Number of protein chains: 2
Amino acid sequence: MDLAVKHNPQNRGSARDFVYETLRYSILHLKLKPGTKMSEQDVSDQFQVSRTPIREVFVRLFQEELVEIYPQRGTYVSLINLRHLEEGRFVRETMEKAVIREAAGELSKSDLFKLESNLAAQEVCRKNRNYFRMLALDDEFHATIFRACGMERTWSTVQQLNNDFYRVRVLRLAHDFRWDTILSQHYAIFEALKNGEGDRAEGITQDHLRMVIVEKDELKLEYPDYFVDI
Amino acid sequence: MDLAVKHNPQNRGSARDFVYETLRYSILHLKLKPGTKMSEQDVSDQFQVSRTPIREVFVRLFQEELVEIYPQRGTYVSLINLRHLEEGRFVRETMEKAVIREAAGELSKSDLFKLESNLAAQEVCRKNRNYFRMLALDDEFHATIFRACGMERTWSTVQQLNNDFYRVRVLRLAHDFRWDTILSQHYAIFEALKNGEGDRAEGITQDHLRMVIVEKDELKLEYPDYFVDI
DNA sequence: CCAAATAAACTACCATGGTAGTATATATAG
DNA sequence: CTATATATACTACCATGGTAGTTTATTTGG
């Protein structure tokens, strides 16, 4: 494991928070592969902080199911659970359809502006084939809608249930991804929201979220040791 | 703060887990009042363990929004947030209606048996006016349905979003609660699930979950310092 | 050469001491 | 008496050392 980062105490915020953010990001973006061993000692050496804050970070990551702690044996980056993938999808679709319906016609000028700006940024990313940033903008688009309804907490929670899905999306990033379709769907959702067409917004959202069904067998073949057997 | 508990190392499981379970239970059941200060030192004295595992427990509870940590100032039991209450309700209703619909007609003999046993236990509790246990059985009834659909994780997540609601339910426990109606609704849900009447199960669930709307102003008057102002 | 017993290495768990930052009580100046 | 300055107490944060449990490497007996 090599993250090549050091905690700079100049940075505002505790060492704990810094390590947490860094490790979380590393796991979700597969800089730390599923199944990787991460001992307190190793990580504390990497970050140049003592083991105490590292342990506390492990507890946080454990709570989010990003790592698994085996007492006296070791702490490992969680394997991707394909069953969790389905469950996360189901929750996301159910919740987002409900939220979209609430949001239709109720968004403020400011919220609509945020969405429109986001779409413009997505255009740029698509042209430049910056898929990594595209992924972030995609999530940010949907987060904005949740936030506009005062449901940011719900968004975070749903995202947490979709941590494994996020990792799969990163895995698929290299492959030819249907960004054109995705972007046009985002436009359609935006228009429907603006015009207060709840039913239509909900319908597009359903198609949108079902588009990204992944070929599980294919994934398991390509990255055999990233997944848990079920 | 006085929990009058000591960690017995004989108990299987780490001190950390024991303290976590105990504190979590204490907060949710208002043995620790919202706003209570809980310093590392105090808690570690109470449990007769060192401050290290206590800190790790605080991190876990913080992640669940059960405590708030102010660096160098103190750690406090979270106040109840009435806005979170609404959000939790919305998520619960949305998800449970979707799950109930999936479950209708698909439950195994074993699952139906569990539900029926649970209902029998509820009868006993109602007769004996054991409302505390009734609360647990209520949740267990709904958890069983989620679990039967392979959605235990979802249930836990939804529950976490409803932590504040749980505390309010405990507060209301003393008051005259409509247990008769609740129980009869449980029966109706059970029957609908058994007969595969998805629509009907969903409808009852909606009524069921909307029954427990609480009078916020009343609550704030009775327990003024338990809530955050919004 | 192989299998069982032993030794060494490694792990997360917990205890404890020191530190910088914050809040409160006390003392001091006006 | 009041407002400001100082001292004290308290907090969570981090560093570090020891420990029991686990895994791996080594040795021993056949």
Side-chain angles (χ1 to χ4, degrees), chain A residues 1-3 5-24 27 32 35-79, chain B residues 1-3 5-23 27 32 35-79 225:
Chain A
M1 191 204 58
D2 180 25
L3 296 171
V5 282
K6 228 187 283 189
H7 173 53
N8 182 353
Q10 297 287 48
N11 299 341
R12 268 281 171 233
S14 59
R16 184 170 73 203
D17 288 347
F18 176 75
V19 173
Y20 167 73
E21 298 291 350
T22 308
L23 285 187
R24 184 183 142 78
I27 293 172
L32 287 169
T36 306
K37 183 168 193 171
M38 11 181 350
S39 80
E40 291 178 4
Q41 194 63 60
D42 283 0
V43 178
S44 70
D45 290 347
Q46 288 269 341
F47 284 90
Q48 305 271 44
V49 295
S50 82
R51 283 156 20 233
T52 303
I54 301 299
R55 279 174 55 74
E56 292 165 8
V57 168
F58 281 6
V59 170
R60 288 186 76 169
L61 296 173
F62 166 74
Q63 200 91 338
E64 298 186 57
E65 302 185 349
L66 289 175
V67 305
E68 286 176 21
I69 303 177
Y70 302 98
Q72 260 72 27
R73 287 198 284 160
T75 298
Y76 299 83
V77 177
S78 294
L79 295 176
Chain B
M1 191 206 56
D2 179 24
L3 297 171
V5 280
K6 230 187 281 189
H7 172 54
N8 183 353
Q10 297 288 46
N11 298 342
R12 268 281 171 233
S14 59
R16 183 171 74 203
D17 288 347
F18 176 75
V19 173
Y20 168 72
E21 299 291 349
T22 308
L23 285 186
I27 294 172
L32 287 169
T36 307
K37 183 168 193 171
M38 13 181 348
S39 81
E40 291 179 5
Q41 193 63 61
D42 284 359
V43 178
S44 69
D45 290 348
Q46 287 270 341
F47 284 90
Q48 304 272 43
V49 295
S50 81
R51 281 155 23 232
T52 302
I54 302 298
R55 279 174 56 73
E56 293 165 6
V57 168
F58 282 7
V59 170
R60 289 186 74 170
L61 296 172
F62 167 74
Q63 200 91 338
E64 298 185 58
E65 301 185 297
L66 288 176
V67 306
E68 286 175 21
I69 303 177
Y70 302 98
Q72 261 70 26
R73 286 197 285 159
T75 298
Y76 299 83
V77 177
S78 293
L79 295 176
D225 41 358

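Computation of the quantities below employed the complete heavy-atom set of this structure, encompassing side-chain atoms and omitting hydrogens, waters and symmetry-equivalent molecules. Here the structure is a predicted model, which means the values were calculated and not measured. Labels below follow one simple rule: chain letters A, B, ... track the order of the sequence lines, proteins then strands, and each chain is numbered from 1.
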Distance check needed: D:dC14 P versus A:Gln48 CD, whole Å only. 15 Å
Just to confirm, is there a sub-4.0 Å distance from OP1 or OP2 of C:dA15 to any side-chain nitrogen or oxygen of B:Ser50? yes
Would you kindly give the CD-to-P distance between A:Glu56 and C:dC13, to the nearest whole Å? 12 Å
Which residues pass the salt bridge (Lys or Arg N to Asp or Glu O under 4.0 Å) test with B:Glu68, not counting sequence neighbours? none
For A:Arg60 versus B:Phe62, what's the shortest heavy-atom pair and its separation? NH2-CE2, 4.1 Å
Interatomic distance where CZ belongs to A:Phe18 and C1' belongs to D:dC14 [whole Å]: 16 Å
Partners of B:Glu65 by salt bridge (Lys or Arg N to Asp or Glu O under 4.0 Å), sequence neighbours excluded? A:Arg153
Produce the list of close N/O pairs, under 3.5 Å, pairing protein atoms with atoms of nucleotides 7-12 of chain D; give distances to one decimal.
unit_1: D:dA12; atom_1: OP1; unit_2: B:Thr75; atom_2: N; d: 3.1
unit_1: D:dA12; atom_1: OP1; unit_2: B:Thr75; atom_2: OG1; d: 3.3
unit_1: D:dA12; atom_1: OP2; unit_2: B:Glu40; atom_2: N; d: 3.0
unit_1: D:dA12; atom_1: O4'; unit_2: B:Gln72; atom_2: N; d: 3.3
unit_1: D:dA12; atom_1: N3; unit_2: B:Gln72; atom_2: NE2; d: 3.2

Do B:Thr75 and B:Glu40 come close enough that some side-chain heavy atom pair is under 4.5 Å? no
Just do the side chain to side chain contact (heavy atoms under 4.5 Å, CB included) check on B:Phe47 and B:Thr22 with the steps written out, would you? CA-CA 10 Å; B:Phe47 284 90; B:Thr22 308; 3.8 Å; yes
Closer than 4.0 angstrom, basic N to acidic O: yes or no for A:Arg24 and A:Asp17? no
